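Model, not experiment: these values are computed from the prediction.
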Amino acid sequence: MNFDISRKRMVESQIIARGIKDRRLIEAMLKVPRHIFVEEAMATQAYNDNPLPIGEKQTISQPYMVALMTELLELKGTEKVLEIGTGSGYQAAILASLADRVYTIERIRSLVLRARKALDILGLFNVNIKIADGTVGWKEDAPFDAIIVTAGSPDIPLELIDQLAVGGRMVIPVGGQIEQTLLRITKEKDGAIVREELTGCRFVKLIGKYGWEGENL
Ligand code: SAM
């Protein structure tokens with residue numbers, strides 16, 4: 001299988017054809033080899049138009065959802081970005097290609113180890129990963145110019161709003177355990193919070209202090 005051809009097709013048919021316009025994002029998706037973020041047995045499915053299992057009952061998100069959420073952050077290259085839900089590390093790799101520095105939090109240790117390995121293979125050393133409950137954010141390194149939550153939350157964790165820089169943007173799926181609405185929260189220059197509802201979506205649960213209840217790890 002020629003992964004370069006599959007990736008180009010994915011970007012044309014799933015990303016550009018659906019209206020993603022950010023040129024830097026399109027370049028990053030053409031460049032980052034998504035297949036190294038999934039198990040070897042799944043590599044041939046890595047460019048399909050759907051999420052895929054990555055073990056531990058978790059998923060790597062659909063390519064279009066990665067693109068849509070990233071475009072909403074409006075990254076220019078100078079930002080410090082916080083991601084909650086490292087999962088495979090693919091979203092972090094896209095962010096690392098578009099921003100100055102990425103902080104990403106994952107609660108499952110085995111996923112962190114695999115994600116770190118993939119990011120290192122690509123030389124993406126501007127990504128800091130922490131094993132923790134991301135619903136409380138990453139206080140020591142706040143504020144963040146952009147925050148992306150890649151698991152479904154019952155509500156917007158207030159700590160994350162506190163850790164969003166003035167002028168910053170956060171994207172987060174909020175709603176039930178199965179279906180959510182993708183929201184963008186903007187912290188305006190005067191500190192006002194603007195909330196936009198973008199589309200319906202389905203993410204695995206955000207589990208933690210300000211998320212859903214789940215097994216302790
Ligand atoms: N962004 C990921 C990628 O590119 O592969 C996909 C993330 S997956 C849909 C959601 C991830 O959020 C899972 O790996 C899950 O373990 C993680 N997660 C859930 N609750 C969390 C929390 N409170 N803190 C950090 N990670 C969490």
Basic-acidic side-chain contact under 4.0 Å: Arg101, Asp145: no

Glu196 and Thr186, any side-chain heavy atoms less than 4.5 Å apart: yes

Separation of His35 NE2 from Tyr90 OH (nearest 0.5 Å): 11.5 Å

Expected output: side-chain Arg107 to main-chain Gly208 donor-acceptor under 3.5 Å: no

4.5 Å side-chain heavy-atom contact, Gln163 and Val136: no

salt_bridge(Glu27, Lys31) N-O dist < 4.0 Å: no

Side chains of Ile148 and Leu95 in contact at under 4.5 Å (non-hydrogen atoms): yes

Within-4.5 Å side-chain heavy-atom neighbours: Val32 and Ser97: yes

Worked check of side-chain hydrogen bond (donor to acceptor under 3.5 Å, both in side chains) between Ser61 and Gln91: CA-CA 8 Å; Ser61 303; Gln91 172 76 71; over 6 Å; no

Arg34 and Ile60: CA distance, side-chain angles, deciding distance, side chain to side chain contact (heavy atoms under 4.5 Å, CB included) verdict: CA-CA 10 Å; Arg34 184 171 158 94; Ile60 176 173; 3.7 Å; yes

pair Val81-Tyr103: side-chain heavy atoms closer than 4.5 Å: no

Leu160 CG to Met170 CE distance, which is reported to the nearest 0.5 Å: 5.5 Å

Beyond-backbone contact of Leu119 with Ile129, side-chain heavy atoms, under 4.5 angstrom: yes

Pair Arg195 + Glu197: basic N to acidic O under 4.0 Å: yes

Thr135 and Glu159: side chain donor to acceptor below 3.5 Å: no

Straight-line distance of Thr86 OG1 to Leu111 CG, nearest 0.5 Å: 8.5 Å

More than 12 heavy atoms of other groups within 6.0 Å of Arg109 CZ: no

Interatomic distance, Leu206 atom CG to Gln180 atom CD [nearest 0.5 angstrom]: 10.0 Å

Side chain proximity check, Asp22 to Thr70, heavy atoms < 4.5 angstrom: no

Interatomic spacing from CD in Gln177 to CD in Glu213 - rounded to 0.5 Å: 9.5 Å

Main-chain N/O of Ile108 paired to Glu106 side chain as donor or acceptor, under 3.5 Å: yes

Nearest-0.5 Å distance, CD1 of residue Ile147 to CD of residue Glu83: 12.0 Å

ILVMFWY network linking Ile105 to Ile161, side-chain heavy atoms under 4.5 angstrom: yes

Presence of salt bridge, Lys130 and Glu140, under 4.0 angstrom: yes

Pair Arg7 + Asp4: basic N to acidic O under 4.0 Å: yes

Pairwise side-chain contact, Val171 with Leu183, heavy-atom cut-off 4.5 Å (strictly under): no

Heavy atoms from other residues, nucleotides or ligands near CD1 of Ile121 exceed 12 (cutoff 6.0 Å): yes

